[in-house]
Asker: 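Got a structure here, written out as structure tokens. Questions coming.
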There are 2 protein chains.
Amino acid sequence: MDTLVRENKAKFIILGLLSHDSLTGYDLRQIAERMIGNFWTDLSYGQIYPTLRTLEKQGLVSKTAEVEEGERIRKIYSITPEGVGELRKWLIEPADTEILKLDILLKLTFGAKVGIEYSIKNVEEFKQRNEAAIERYDAIERSLHNTLHENEDHAFFLLTLHYGQYVTRAQIQWANKALETLHATSK
Amino acid sequence: MDTLVRENKAKFIILGLLSHDSLTGYDLRQIAERMIGNFWTDLSYGQIYPTLRTLEKQGLVSKTAEVEEGERIRKIYSITPEGVGELRKWLIEPADTEILKLDILLKLTFGAKVGIEYSIKNVEEFKQRNEAAIERYDAIERSLHNTLHENEDHAFFLLTLHYGQYVTRAQIQWANKALETLHATSK
DNA sequence: CCAACCATGTAATTTGTTACATGATTCC
DNA sequence: GGAATCATGTAACAAATTACATGGTTGG
């Protein structure tokens with residue numbers, strides 16, 4: 001007897017996003033990127049469309065419209081009351097521990113096996129990526145302060161944005177320290 | 001024609017660890033946990049043993065001993081020169097971007113759909129986990145300073161430990177701020 | 001004597017990625 | 001006219017988890 005506990009998170013991401021707004025599969029991807037891209041590896045269409053079909057079969061979402069704009073068809077999905085129930089059930093469970101896979105640290109761990117210049121290059125690239133991310137986060141925060149419509153979802157989104165800012169800044173600080181160490185070692 | 005670029009990271013973790021020391025499958029798991037557990041979701045035996053067999057078939061590792069201690073058999077694997085070459089080849093490639101899946105932020109994103117007390121509980125639990133992690137990291141750092149044998153691997157390991165310290169502290173700071181915001185909202 | 005740990009492994013399943021396949025629309 | 005983007009989907013495959021299966025050894 002299997003007591004499978006592994007959860008399909010794509011399912012809950014889709015339910016969560018549809019709980020705000022009815023969307024197409026294509027929309028789901030773009031919005032997921034903006035809303036959770038900062039702390040969740042992107043959903044691919046290869047996950048979205050099959051999951052959408054499963055959810056529809058289970059009655060958790062429904063196809064509310066097939067808009068034909070000329071030849072192009074957009075299939076708009078909405079969450080059902082059962083879907084909202086399922087989403088709530090998941091939300092009140094304690095969160096799983098985070099899944100991390102930082103390739104750069106893996107390469108750093110075994111870095112002594114090759115020249116130190118490769119480690120330096122990796123950390124520099126990591127730092128640049130994080131600096132770009134900080135600019136992006138700060139820009140999002142500024143634009144949010146302008147269009148400040150005080151709804152609750154907005155407040156929760158801000159919390160996740162702040163997470164990105166805190167952690168990204170810490171990563172830049174670490175990168176600076178690591179680069180110092182690496183340069184000192186290479187002399 | 002497929003140009004598959006997805007890399008089996010378990011392969012390189014095993015090669016990396018074996019480049020220090022010959023180990024059994026069981027050892028690999030324990031050591032992986034200590035060396036990279038801080039930034040890489042644990043390797044399971046379900047990955048280790050099959051990967052070890054594949055690597056052996058490819059000549060990248062070899063079974064150097066089958067120690068029989070009474071009835072118990074330990075199979076000790078070593079890296080081959082070809083394995084070292086493969087490890088080096090991977091090390092000098094630029095690192096992939098990190099894979100993140102932070103369930104807690106996902107639940108926070110959609111937190112408005114349930115009572116705020118669930119969000120608070122999640123963040124508190126996250127904070128506690130991070131506080132425990134900091135203590136663990138600091139203890140490891142102290143013990144490293146005592147047994148300071150100045151080899152290069154040790155220095156690289158310290159870099160990844162520092163990463164954990166920087167990011168974990170940032171996560172605690174974020175959690176404190178988030179808890180403030182959440183408590184203010186719930187009043 | 002019993003729990004915790006040492007030790008190896010397989011089978012089933014799920015999850016996730018990538019490539020493939022197609023074509024319309026919009027903006028420059 | 002052409003590039004970027006909108007839009008939907010499938011097939012093949014790779015990665016990863018979990019449960020199952022077995023049994024020895026060590027330390028209290």
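In what follows, every heavy atom counts, from backbone to side chain, and hydrogens, waters and symmetry copies are set aside. Since the model is a prediction, treat every value here as computed from it, not as a measurement.
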Asker: Report, one line per pair, each donor and acceptor closer than 3.5 Å where one atom sits in a side chain of residues 116-129 of chain A; sequence neighbours left out.
Answerer:
{"unit_1": "A/Asn122", "atom_1": "OD1", "unit_2": "B/Ala95", "atom_2": "N", "d": "3.0"}
{"unit_1": "A/Glu125", "atom_1": "OE2", "unit_2": "A/Arg129", "atom_2": "NE", "d": "3.3"}
{"unit_1": "A/Lys127", "atom_1": "NZ", "unit_2": "A/Asn176", "atom_2": "OD1", "d": "2.8"}
{"unit_1": "A/Arg129", "atom_1": "NH1", "unit_2": "B/Glu98", "atom_2": "OE1", "d": "3.0"}
{"unit_1": "A/Arg129", "atom_1": "NH1", "unit_2": "B/Glu98", "atom_2": "OE2", "d": "3.2"}

Asker: Report yes if at least one side-chain N or O of A/Gln47 is closer than 4.0 Å to OP1 or OP2 of C/dT15; otherwise report no.
Answerer: no
Asker: For A/Lys101, is there an ion pair with B/Asp96 - N to carboxylate O distance below 4.0 angstrom?
Answerer: no
Asker: Find the distance B/Ile48:CD1 to C/dC6:P and express it as a whole number of Å.
Answerer: 14 Å
Asker: So A/Gly46, base contact, sugar-phosphate only, or nothing? Heavy-atom distance under 4.0 Å.
Answerer: base
Asker: Quick one: does A/Leu55's side chain get under 4.5 Å of A/Thr51's, heavy atoms only?
Answerer: yes
Asker: Look at B/Thr24 and C/dT8 and indicate whether a side-chain polar atom (N or O) is within less than 4.0 Å of OP1 or OP2.
Answerer: yes
Asker: Rounded to whole Å, how long is the line connecting atom NZ of B/Lys63 with atom P of C/dT8?
Answerer: 10 Å
Asker: Using a heavy-atom cut-off of under 4.0 Å over every strand shown, decide if A/Lys11 touches base, sugar-phosphate, or nothing.
Answerer: nothing
Asker: How long is the line joining NZ of B/Lys9 and P of C/dG16, in whole Å?
Answerer: 16 Å
Asker: Expressed as a whole number of angstroms, how long is the span from B/Glu33:CD to C/dC5:C1'?
Answerer: 13 Å
Asker: Atom CD of B/Glu56 to atom C1' of C/dG9: distance rounded to whole Å?
Answerer: 14 Å
Asker: Determine whether a donor-acceptor pair (N or O, by modelled atom type, separation under 3.5 Å) exists between the side chain of A/Arg88 and the backbone of B/Val114.
Answerer: no
Asker: Give a yes or no on whether the backbone of B/Gln165 and the side-chain of B/Thr168 come within a donor-acceptor separation of less than 3.5 Å.
Answerer: no
Asker: Taking atom P of C/dG16 as reference, at what distance in whole Å does atom CG of A/Leu52 sit?
Answerer: 16 Å
Asker: At under 4.0 Å between heavy atoms, what does B/Lys75 touch on the DNA or RNA strands: base, sugar-phosphate, or nothing?
Answerer: sugar-phosphate
Asker: How long is the line joining CZ of B/Arg74 and P of C/dC6, in whole Å?
Answerer: 10 Å
Asker: Considering only D/dT18, C/dT18, D/dA7, which nucleotide approaches the side chain of B/Ser44 most closely?
Answerer: D/dT18
Asker: Can you work out whether A/Asn8 or B/Asp27 has the more 5'-proximal nearest nucleotide on DNA chain C?
Answerer: B/Asp27
Asker: Send over the distance from A/Asp96 CG to D/dA16 C1', rounded to a whole Å.
Answerer: 15 Å
Asker: Donor-acceptor pairs are to be reported for all side-chain atoms of residues 16-25 of chain A against protein atoms at under 3.5 Å, with residues two or more places apart or in another chain.
Answerer:
{"unit_1": "A/Ser19", "atom_1": "OG", "unit_2": "A/Gly16", "atom_2": "O", "d": "2.6"}
{"unit_1": "A/His20", "atom_1": "ND1", "unit_2": "A/Asp153", "atom_2": "OD2", "d": "3.1"}
{"unit_1": "A/Ser22", "atom_1": "OG", "unit_2": "A/Ser78", "atom_2": "OG", "d": "2.5"}
{"unit_1": "A/Thr24", "atom_1": "OG1", "unit_2": "A/Tyr26", "atom_2": "N", "d": "3.4"}
{"unit_1": "A/Thr24", "atom_1": "OG1", "unit_2": "A/Asp27", "atom_2": "N", "d": "3.0"}
{"unit_1": "A/Thr24", "atom_1": "OG1", "unit_2": "A/Asp27", "atom_2": "OD1", "d": "3.4"}
{"unit_1": "A/Thr24", "atom_1": "OG1", "unit_2": "A/Asp27", "atom_2": "OD2", "d": "3.1"}

Asker: Would you say C/dT8 has OP1 or OP2 under 4.0 Å from some side-chain N or O of B/Tyr26?
Answerer: no
Asker: Looking only at side-chain atoms of B/Tyr49, point me to the closest of C/dT18, C/dT10, C/dC5.
Answerer: C/dT10
Asker: Give me the one residue out of B/Ile36, B/Ile99, B/Leu102 that meets side-chain contact (heavy atoms from CB on, under 4.5 Å) with A/Leu100.
Answerer: B/Leu102
Asker: For the helix from C/dC1-D/dG28 to C/dC28-D/dG1, figure out the bend between the end axes, five pairs an end, and round to 10 degrees.
Answerer: 50°
Asker: Among D/dA16, C/dC5, D/dT8, which is the nearest nucleotide to the side chain of A/Tyr45?
Answerer: D/dT8
Asker: State plainly whether the residues A/Glu86 and A/Lys89 are in salt-bridge range, i.e. N to O under 4.0 Å.
Answerer: yes
Asker: Need to verify one output field. Residue with the more 5' nearest nucleotide on DNA chain C, A/Leu43 or B/Arg53?
Answerer: B/Arg53
